[in-house]
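Just so it is clear, the structure is predicted and the values come from calculations on it, not from any experiment.
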Amino acid sequence: MGIMGTDDPRFFKPGVAIANHAESGLTLGSFLGSKRLAKVLSVMKPGDYLFIEFGHNDQKEKGPNDGAYKSYTERLKTFITEVKKKGGIPVVVTSTSRRSFGADGKIQNSLGDFPEAARKVAADENVALIDLNAMTTELFNALGEQNSIKAFVHYPANSYPGQDKPLADNTHFNPYGAYEIAQCIILGIKSQKLGIAQYLVNDLPDFNPAKPDDPNAWKWPESPKSSLVKPDGN
């Protein structure tokens, strides 16, 4: 069995192949236009899953036919239709929330109608929905405005070689954040009773987005730091 999508092999038994076909900065439209969906479909076999999460970049498209209930909805339905034609199983995943706290200290929706449009498409097309937007909103609220920084790419200058400026990215995740997001996806797989749930590891940790792992106690060994070496050895 194969899965076309993203997740962490830590959570799956042998027998599942995971292929990450995501590409930074793409929209549903540019993913289609660059033939990436065609590539996925060319290797898809009946019974494969495709986890589809778009929205952050689609939100930036401002043409007359763009928008959550226009091009985004239409293209999302195209993805679903094409996957079904190949005998695949599409799973709609709503976009992760940004770290966008309001004056009340709670996460504010910064993605407009896109999460709700994805929910509607999943319902209209009768496909599984993993509401990652709702789960990450709960997750970041549970962490709080300050502690949630520890889930994102926030690093002082010179934390890594060649990084001379501080990083304060409230959209992309560091290893701790990615681990928590992966657990949200696993929770979605279980709650949606997807067939691949039978391949989840036996020692699956209990997870509740409202009670995330303590970022101060969570450890992940980083890759050794190294500088680039030129072909001549200098």
Given the rule that I, L, V, M, F, W and Y join up when any side-chain heavy atoms are under 4.5 Å apart, are [X] and [Y] in one cluster?
X: Met44; Y: Leu76; value: yes
X: Ile149; Y: Phe152; value: no
X: Val40; Y: Val127; value: yes
X: Phe173; Y: Leu111; value: no

Can you name the closest pair of heavy atoms from [X] and [Y] and give their distance?
X: Pro14; Y: Tyr199; value: O-CD2, 4.1 Å
X: Arg10; Y: Pro205; value: NH2-CD, 3.9 Å
X: Pro209; Y: Met135; value: CB-O, 3.6 Å
X: Leu143; Y: Pro215; value: CD2-CD, 4.0 Å
X: Ala118; Y: Leu129; value: O-CD1, 4.3 Å
X: Ala210; Y: Ala142; value: O-CB, 3.4 Å

Task: Working for side-chain contact (heavy atoms from CB on, under 4.5 Å), residues Leu41 and Val83 - done: CA-CA 7 Å; Leu41 296 171; Val83 170; 4.2 Å; yes
Task: Steps toward side-chain contact (heavy atoms from CB on, under 4.5 Å) verdict (Glu116, Tyr69) - done: CA-CA 9 Å; Glu116 189 57 39; Tyr69 294 110; 3.6 Å; yes
Task: Parallel, tilted or perpendicular, as decided by the 30° and 60° cut-offs, for the rings of Trp220 and Tyr179 - done: tilted
TODO: Over 60° means perpendicular and under 30° means parallel, so classify the ring planes of Phe54 and Phe31, tilted if in between.
DONE: perpendicular
No-hydrogen, no-angle side-chain donor-acceptor test under 3.5 Å, [X] and [Y]:
X: Asn174; Y: Lys150; value: no
X: Thr27; Y: Asn57; value: no
X: Asp66; Y: Ser71; value: yes

Open item on the list: Let's go through Gln183 and Asp213 carefully: what are the C-alpha distance in whole Å and the side-chain angles of both, what is the deciding distance for side chain to side chain donor-acceptor pair (under 3.5 Å) to 0.1 Å, and is it a yes or a no?
Closed with: CA-CA 10 Å; Gln183 291 194 94; Asp213 296 304; 2.9 Å; yes
Test item: [X] and [Y] side chains (from C-beta on) under 4.5 Å apart, heavy atoms:
X: Arg75; Y: Asp58; result: no
X: Arg36; Y: His21; result: no
X: Lys120; Y: Thr73; result: no
X: Leu37; Y: Leu50; result: yes
X: Asn65; Y: Glu74; result: no
X: Ile189; Y: Tyr49; result: no
X: Phe207; Y: Glu180; result: yes
X: Pro212; Y: Trp218; result: no

Interatomic distance, [X] atom [atom1] to [Y] atom [atom2] [nearest 0.5 angstrom]:
X: Leu200; Y: Lys13; atom1: CG; atom2: NZ; answer: 8.0 Å
X: Tyr155; Y: Asn158; atom1: OH; atom2: CG; answer: 15.0 Å
X: Phe51; Y: Ile130; atom1: CZ; atom2: CD1; answer: 5.0 Å
X: Ser159; Y: His154; atom1: OG; atom2: NE2; answer: 12.0 Å
X: Asn170; Y: Arg98; atom1: CG; atom2: CZ; answer: 10.0 Å
X: Gln198; Y: Leu194; atom1: CD; atom2: CG; answer: 11.0 Å

Considering residues, nucleotides and ligands other than [X], do more than 12 of their heavy atoms fall under 6.0 Å from its [atom1]?
X: Asp203; atom1: CG; answer: yes
X: Lys84; atom1: NZ; answer: yes
X: Asn126; atom1: CG; answer: no

For [Y], does its backbone N or O pair with a side-chain atom of [X] as donor and acceptor, under 3.5 Å?
X: Asp131; Y: Thr94; value: no
X: Glu145; Y: Gly102; value: no
X: Ser30; Y: Leu26; value: no
X: Asp48; Y: Lys45; value: yes
X: Thr136; Y: Ser97; value: yes

Task: Residue pair Lys211, Asp206: steps toward the side-chain contact (heavy atoms from CB on, under 4.5 Å) verdict - done: CA-CA 10 Å; Lys211 296 179 180 179; Asp206 290 329; over 6 Å; no
- [ ] Mind running side-chain contact (heavy atoms from CB on, under 4.5 Å) on Leu32 and Phe79 for me, showing each step along the way?
- [x] CA-CA 9 Å; Leu32 282 166; Phe79 271 58; 3.5 Å; yes
Task: Carboxylate-amine/guanidinium contact Lys85 Glu82, below 4.0 Å - done: yes
- [ ] Please determine which of Val92, Thr137, Leu139, Ile181 meets the side-chain contact (heavy atoms from CB on, under 4.5 Å) test together with Leu132.
- [x] Ile181
